[in-house]
Amino acid sequence: MSSFQTSPGTRDILPPHAGRWRALIQVFADGVESAGYQNIIPPLFEDLGVFQRLGDATDVVTKEMYDFMDKGGRHIALRPEHTASVCRAFAQHRPTPPWKVWYSGPNFRYERPQAGRFRQFDQVGIEVLGVDDSQLDVEVISLGWDFYQAIGLSNVSLVINSLGDAGDRGRYIEALGAYFTTHSETLSEQALATLERNPLRVLDSKRPQDASAIAGAPAIGAFLSTDAAAHFAAVCAGLDALNIPYVVNERLVRGLDYYQRTTFEFISGSLDSAQNAVGGGGRYDGLVEDLGGPATPGIGFALGVDRTLLACDAEECFSYGFPALDVFVIDTTGGSYALSITHQLRHSGFSADRAFEGRSMKSQMKSADRSGAQVAVIIGDTEAEESTCTVRNLSTSEQTTIPSTELQSHLVSVLGPRQPRRHTP
RNA sequence: GUGGGCGUAGCUCAGUUGGUUAGAGCGCUAGGUUGUGGUCCUAGAGGCCGGGGGUUCGAAUCCCCUCGUUCACCCCA
């Protein structure tokens with residue numbers, strides 16, 4: 001056992017898992033960039049106040065924040081999510097709306113780790129600021145939906161709801177609070193505590209004891225203003241038009257207080273654990289203003305990378321293998337040929353690796369096999385003397401010896417042409 | 001923060017009512033093959049039995065504490 005290990009709720013993403021991880025983000029980026037979203041990279045930490053706008057009644061703010069005083073006396077917090085940072089960035093830089101951005105990166109919440117829940121956890125997501133159109137809600141939801149389809153997840157369901165505008169929401173919370181107070185004798189102790197802080201969240205309780213009270217609770221639908229109801233109906237109609245299946249769940253409340261109007265979650269049916277929400281989002285029309293910017297509507301979603309990959313494991317999709325190398329260079333004469341040949345091949349655009357420490361032919365062949373390389377280029381004493389090299393096809397075991405000067409052209413004929421790698425803007 | 005399960009080799013796990021030198025498979029290294037991988041055979045390396053304390057002639061095994069991990073509540077992606 002080594003002296004140090006990762007802190008609770010954090011872990012190393014090792015190969016080959018990290019490769020799969022990167023591939024997942026690439027699929028996401030390709031999808032949203034083709035819809036006009038550009039990448040944003042906000043800082044990992046911000047002034048604590050930025051995140052307090054998530055809501056004083058939320059656990060994320062009250063007890064899960066990684067916060068500290070820096071050497072300049074500022075009260076800093078590691079970001080628990082991206083949305084507040086994106087809104088702060090909008091308020092700070094005032095880009096021209098509509099502002100469509102996507103992000104990926106870690107967030108931090110001090111929670112007890114559990115299946116699909118970590119203290120450092122990654123999300124990918126998008127946010128759009130400055131557009132109030134219900135068709136944008138549909139676009140945002142469809143991009144999330146399309147991403148799950150793109151990676152091959154078939155057992156994901158979309159649940160949507162509307163929390164109404166700020167006034168509706170307030171009236172609903174009031175009614176809900178009154179209702180639960182009259183049923184307080186049937187509620188669990190924990191639910192009563194939740195009721196004190198935010199009656200909405202009581203709807204989220206998974207305790208069997210609370211089920212009957214929740215079942216009889218008033219629904220949000222009756223509290224929606226004409227505008228909010230029309231907006232929600234338009235969103236549903238848009239999803240219908242795109243043939244995206246969804247379920248309206250009037251009990252869907254989300255944990256962050258800034259949500260208004262459209263809210264949605266993506267639930268994986270393939271995850272047994274309690275953490276089966278693989279993504280979620282909604283409108284947060286008041287957040288930019290809260291952060292000192294102009295009144296600006298906003299909508300977005302965040303998808304949990306960890307949970308999404310867990311769902312992929314469960315559905316046995318989005319498999320990943322490290323791309324096979326083109327060439328493995330074997331040199332039993334001391335290594336100087338391997339040094340120069342791999343260097344030249346890499347410059348020509350071939351992927352190439354080699355062994356070190358002067359290992360035996362057998363050992364180097366094993367390494368070549370493990371590397372997944374398609375061909376081995378072998379330099380032994382004979383080849384060194386004759387200025388030749390032996391090229392072995394590792395899947396057919398056929399091999400041929402050619403003059404060293406013909407190696408590049410021979411590999412091109414066997415593996416196809418390669419372009420030197422360089423950055424092209 | 002509350003409650004349950006589990007900590008033995010790099011990985012997955014055996015280890016009997018406490019008994020003397022802690023095992024297997026996979027993986028790794030080397031050899032079988034004086035230049036050739038994936039199969040096979042042989043050998044080797046690799047362990048403070050999570051850590052600390054206690055009970056005992058004797059502890060991987062029993063007790064306590066602690067740390068880690070895992071599952072659930074809670075919360076949320």
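Throughout, protein chains are lettered first and strands after them, A, B, ... in sequence-line order, and every chain is numbered starting at 1.
Protein atom CH2 of A:W102 is 20 Å distant from nucleotide atom P of B:A77, rounded to whole Å. Taking atom CZ of residue A:R109 and atom C1' of nucleotide B:C74, one finds them 14 Å apart after rounding to whole Å. In this structure, the CD atom of A:E357 is 14 Å from the C1' atom of B:A30, given to the nearest Å. Rounded to whole Å, atom C1' of B:A77 lies 10 Å from atom CD1 of A:I267.
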Inset, instruction - Assign a letter to each nucleotide of nucleotides 33-45 of chain B from its 5' end: B, base within under 4.0 Å of a protein heavy atom; S, sugar-phosphate only; -, no contact. - result: --BBBB-------
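The residue A:G125 sits apart from the nucleic acid: no heavy atom pair falls under 4.0 Å. Among the protein residues, A:A368 comes within range of no part of the nucleic acid, since none of its heavy atoms lies under 4.0 Å from any strand. Counting non-hydrogen atoms under 4.0 angstrom, A:R112 reaches a base of the nucleic acid. A:F118 comes within contact range of at least one nucleobase, with a heavy-atom separation under 4.0 Å.
Of all nucleotides present, only B:A72 satisfies the Watson-Crick or G-U wobble test against B:U2, with each distance under 3.5 Å. As the counterpart of B:U56, no nucleotide is assigned, since no Watson-Crick or G-U wobble pattern has both distances under 3.5 Å. Judged by Watson-Crick or G-U wobble contacts below 3.5 Å, the nucleotide B:G44 has B:C28 as its partner.
Distances were taken from every side-chain heavy atom of A:Q114 (C-beta onward) to each of B:A72, B:C75, B:U29; the shortest belongs to B:A72. Ranking B:U2, B:A30, B:C75 by closeness to the A:R359 side chain, first place goes to B:A30.
For B:G52 and B:U12, the P atoms lie 23 Å apart once the distance is rounded to whole Å. Taking the P atom of each, B:C75 and B:G19 are spaced 48 Å apart, rounded to whole Å.
Between A:T194 and the phosphate of B:C75, there is a side-chain N or O to OP1/OP2 separation shorter than 4.0 Å. In this model, the phosphate group of B:C71 is not approached by any side-chain N or O of A:R117 to a distance below 4.0 Å at OP1 or OP2.
Side chain to side chain, A:T186 and A:Q209 fail the donor-acceptor criterion of an N or O pair below 3.5 Å.
Between the CZ atom in A:R359 and the CG atom in A:D331 there is a gap of 14.5 Å [rounded to 0.5 Å].
With respect to A:R88 and A:D290, no salt bridge is recorded, no charged nitrogen being found less than 4.0 Å from a carboxylate O.
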